[in-house]
Structure formats: structure tokens, C-alpha cells
Amino acid sequence: MFSIPPSSAPKSAAPAAGAGDVVKDSSDRAFMADVIEASQSVPVIVDFWAPWCGPCKQLGPVIEKVVRAAKGAVRLVKIDTDQNPMVASQLRIQSIPAVYAFFQGRPVDGFMGAKPESELKAFVDKLVKLAKSAGVGADDPLEEALLQAKEMLEEGDLQGAVELYSQILHEEPENARAYAGIVRCFIAAEDLEKAKTMLARAPDSIAKDKELAVVRSELELREQAANAGPIPELMEKIAVDPNDHQSRFDLAMALFAAGKREAAVDELLQIVRRDRSWNDDGARKQLVKFFEAFGPTDPLTVQTRRKLSTILFS
């Protein structure tokens with residue numbers, strides 16, 4: 001059995017290495033290096049401000065927060081226009097705060113005045129997408145680590161997956177994908193009690209996240225499947241009596257536990273075809289649980305929803 005390193009325990013968030021570098025003060029003299037040259041590899045947001053400006057004091061902390069949350073996908077350069085009027089004059093800035101976004105050496109977006117956090121986040125997200133579409137700054141170390149951990153889990157390297165997920169949680173304690181990943185490792189190891197305990201201890205900030213909702217459905221299905229019985233015996237019962245819906249239902253759960261998802265949903269669909277109302281619509285309700293566990297965009301979910309609709313409305 002694998003173990004979770006202590007670093008996976010939820011704790012107060014700590015900034016990732018180098019996080020402070022994404023926000024810096026600059027000047028007219030350093031503008032070429034800090035903005036024009038730097039924007040060749042990552043979008044750079046320039047905040048033109050002054051100490052006497054009230055709206056500047058409102059905008060500053062919020063835009064810094066949003067930029068830091070992007071974890072290096074964008075940078076923020078702050079220029080005091082009282083001390084450095086040249087670039088602001090060249091850009092014909094007449095009021096502050098004024099924010100310009102540069103990418104690949106040229107201005108690509110901007111706005112005037114203070115904005116709420118939601119609008120600032122949308123502004124930053126737009127810049128990140130622009131960079132990714134251009135193939136620049138697309139590498140996200142956190143995303144790469146999450147994908148690598150997922151691959152380890154799928155390949156059966158549970159200890160390696162847990163260690164990598166734990167490292168992610170050490171840097172970002174409220175990362176729902178990493179937290180759910182560790183729960184999935186316990187489920188894969190058939191240690192359902194530890195999976196249930198970890199889900200119960202999820203931080204409040206992510207307890208209702210869709211990632212944990214999905215893994216919670218997976219756990220419930222695994223617990224149901226644990227009592228389903230051997231597949232050969234169940235198949236034999238159905239061969240003798242095709243209308244033995246309870247045995248077919250149990251077979252679906254056993255197939256799900258064995259990783260045979262398509263076969264599992266086919267058995268439930270067969271129950272719906274033969275008797276839609278069996279066990280108070282039990283087969284259809286179980287399919288809905290499968291959809292929750294697979295995720296709404298999973299090809300099997302999409303395909304099965306179509307089949308189910310055809311059966312129900314034919």
C-alpha cells in the first residue's frame with residue numbers, strides 16, 4: 001500500500017517559486033527590457049499609476065492579486081507616471097490608472113480606470129489564451145505536473161501519482177484536481193475507507209468543487225460494486241432468465257468495477273429497454289450516476305445519453 005507524503009496535508013497557501021518576479025516596478029529607461037523584450041515570451045501588463053491617484057490605489061492590489069494567481073502566465077509592470085512621464089506621454093495617456101497589455105512587442109489590449117476583480121481576471125485570461133494560441137508561453141508547469149500524475153495513475157503507478165499530486169498540493173493546497181487525484185489513487189488501490197476519509201477532510205474551499213463531486217460519485221459506485229458478485233455467475237443467471245433485472249444490474253456494477261465501462265452501461269440500457277420502471281427507475285438513475293463519474297464531456301457519457309434518449313422517447 002502506498003502512503004501520502006506529509007506535504008500533501010492541506011496548509012496555508014505559499015507562493016510558488018519565483019512568484020514575486022511576475023510583478024515589478026519599472027521606469028522609462030527600463031521599459032524596453034521590462035516590457036517590449038519581455039513580452040516576446042509572455043504577455044506583459046503595464047499599470048500606469050501615481051501616488052496621489054485614488055483609483056490607482058484601488059486597482060493596484062487587485063490587479064497584482066490576479067496576475068500572481070496566473071502563476072507566471074502573464075507579468076505585471078508598474079510605472080509611476082510622476083517619476084516616469086515619457087512612455088505615458090508617447091502612449092498619449094491622459095488619465096490614470098491606465099493599463100496596457102503588450103505581447104510580442106506591441107500593445108494588444110488595455111483599459112482605463114479601476115475595474116472589479118472579475119473583469120481583471122477575464123482580462124488576464126484573454127491574454128493567456130492569446131499567448132497559447134500563438135504557441136508562446138503555453139507551457140504551464142502545474143498543468144504538466146497534473147497531466148503527468150494522471151498518466152501515472154492510469155498506468156498503475158499509484159505511489160508515483162500520489163507523490164506528484166502531493167507535491168502539487170504542497171505548492172497549491174486548494175488544488176481540487178490534485179486532491180481528487182489522490183482520492184482516485186486510493187480508489188484504484190481498493191482502499192475505499194481511506195478514499196472516503198480523505199474526501200470528508202477536503203478543505204471547505206474545494207469541498208463542493210466539480211472535481212470532488214465526480215470522484216465522490218466514483219467512490220459511491222465502487223462501494224456499490226463491491227457487493228455485486230462474480231461476473232461469470234451473474235452472466236449465467238441472465239442467460240437462464242434475461243428478465244432477471246437484479247442480476248443484470250449487479251452485472252453492470254461488477255463490470256464497472258472491472259473497468260469495463262461500455263459493457264456496464266450496455267447492461268443498464270438493456271434493463272431500461274426491457275422494463276423502464278424496474279426498481280423505481282433504478283437503471284436510469286444508475287446511468288445518471290455513471291455520467292457523473294465519467295464527466296459530462298466523456299465520449300461514453302455523450303454516446304450513452306443519446307442511446308438513453310432514443311429508448312425513453314421511442
Side-chain angles (χ1 to χ4, degrees), residues 10-39 41-103 107-132 137 140-143 168-176 178 203-206 208-209:
K11 58 186 75 178
S12 58
D21 298 337
V22 300
V23 177
K24 69 182 299 186
D25 293 309
S26 188
S27 63
D28 287 338
R29 180 177 296 181
F31 186 84
M32 184 61 68
D34 289 345
V35 178
I36 303 302
E37 294 177 7
S39 71
S41 59
V42 63
V44 177
I45 299 170
V46 185
D47 175 17
F48 293 95
W49 70 287
W52 49 264
C53 169
C56 296
K57 294 177 181 178
Q58 290 181 312
L59 176 68
V62 184
I63 197 169
E64 287 185 27
K65 174 185 175 183
V66 172
V67 167
R68 291 185 190 281
K71 297 190 178 299
V74 298
R75 295 179 186 174
L76 175 65
V77 168
K78 300 174 69 67
I79 295 182
D80 179 347
T81 56
D82 281 358
Q83 301 295 323
N84 302 278
M86 185 179 70
V87 173
S89 177
Q90 289 174 346
L91 292 172
R92 298 181 181 178
I93 293 173
Q94 297 181 345
S95 65
I96 54 175
V99 173
Y100 279 76
F102 287 77
F103 182 55
V108 293
D109 205 349
F111 61 85
M112 299 287 184
K115 300 285 184 182
E117 184 174 341
S118 59
E119 289 188 29
L120 294 175
K121 187 176 185 306
F123 180 76
V124 168
D125 288 344
K126 184 178 176 182
L127 294 173
V128 173
K129 289 179 182 177
L130 174 65
K132 288 186 176 181
D140 183 342
L142 176 62
E143 184 67 24
I168 295 169
L169 286 176
H170 181 68
E171 294 298 326
E172 194 172 290
E174 296 179 353
N175 189 296
D204 291 341
S205 57
I206 62 172
K208 296 182 180 179
D209 188 275

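- Contacts classified as side-chain hydrogen bond (donor to acceptor under 3.5 Å, both in side chains) and involving residues 56-66 (residues at least two apart or in different chains) are given here: K65-E117.
- Here the SG-CG distance, from C53 to D80, works out to 10.5 Å after rounding to the nearest 0.5 Å.
- Here CD1 of I63 is found 4.5 Å from CZ of F111. Values are rounded to the nearest 0.5 Å.
- For M86, the CE atom sits in a packed shell: over 12 heavy atoms of surrounding residues, nucleotides or ligands are nearer than 6.0 Å.
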All N/O donor-acceptor pairs, side-chain side in residues 45-52, below 3.5 Å, sequence neighbours left out:
unit_1: D47; atom_1: OD2; unit_2: K78; atom_2: NZ; d: 3.0
unit_1: W52; atom_1: NE1; unit_2: D82; atom_2: OD1; d: 3.3
unit_1: W52; atom_1: NE1; unit_2: D82; atom_2: OD2; d: 2.9

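- Pairs of residues two or more places apart, or lying in two chains, never qualify as side-chain hydrogen bond (donor to acceptor under 3.5 Å, both in side chains) while including a residue from residues 83-94.
- With V67 as reference, V22 is the one residue of V62, L120, V22, L127 to meet the side-chain contact (heavy atoms from CB on, under 4.5 Å) rule.
- Scanning both residues, P55 and A114, for their nearest heavy atoms gives O-CB, 3.9 Å.
- By the ring-ring contact (aromatic ring centres under 6.0 Å, His included) test, Y100 is found to be paired with no residue, residues two or more places apart in sequence or in another chain being considered.
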Do F123 and V66 pass the side-chain contact (heavy atoms from CB on, under 4.5 Å) test, and can you show the C-alpha distance, the side-chain angles, and the key distance before you say yes or no? CA-CA 10 Å; F123 180 76; V66 172; over 6 Å; no

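- A pairwise comparison of heavy atoms in R68 and V23 identifies NH2-CB, 3.7 Å as the closest pair.
- For residues 28-38, the pairs satisfying side-chain hydrogen bond (donor to acceptor under 3.5 Å, both in side chains) are K24-D34, S26-D34, with sequence neighbours left out.
- With sequence neighbours left out, the salt bridge (charged side-chain N to carboxylate O under 4.0 Å, His left out) criterion links D125 to K121.
- When all heavy atoms are compared, the tightest approach of V42 to G72 is CG2-O, 3.7 Å.
- When every heavy atom of M112 is checked against every heavy atom of S95, the shortest pair comes out as SD-O, 3.8 Å.
- Expressed to the nearest 0.5 Å, how far OG of S41 lies from CZ of F103 amounts to 8.5 Å.
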Is there a side-chain contact (heavy atoms from CB on, under 4.5 Å) between D109 and L130 once you walk through the steps? CA-CA 11 Å; D109 205 349; L130 174 65; over 6 Å; no

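- The two residues A73 and V128 come nearest to each other via the heavy atoms CB-CG2, 3.7 Å.
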Criterion side-chain contact (heavy atoms from CB on, under 4.5 Å) on T81 and I93, from CA distance to verdict: CA-CA 10 Å; T81 56; I93 293 173; 5.8 Å; no

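- The two residues N175 and A178 come nearest to each other via the heavy atoms OD1-N, 3.0 Å.
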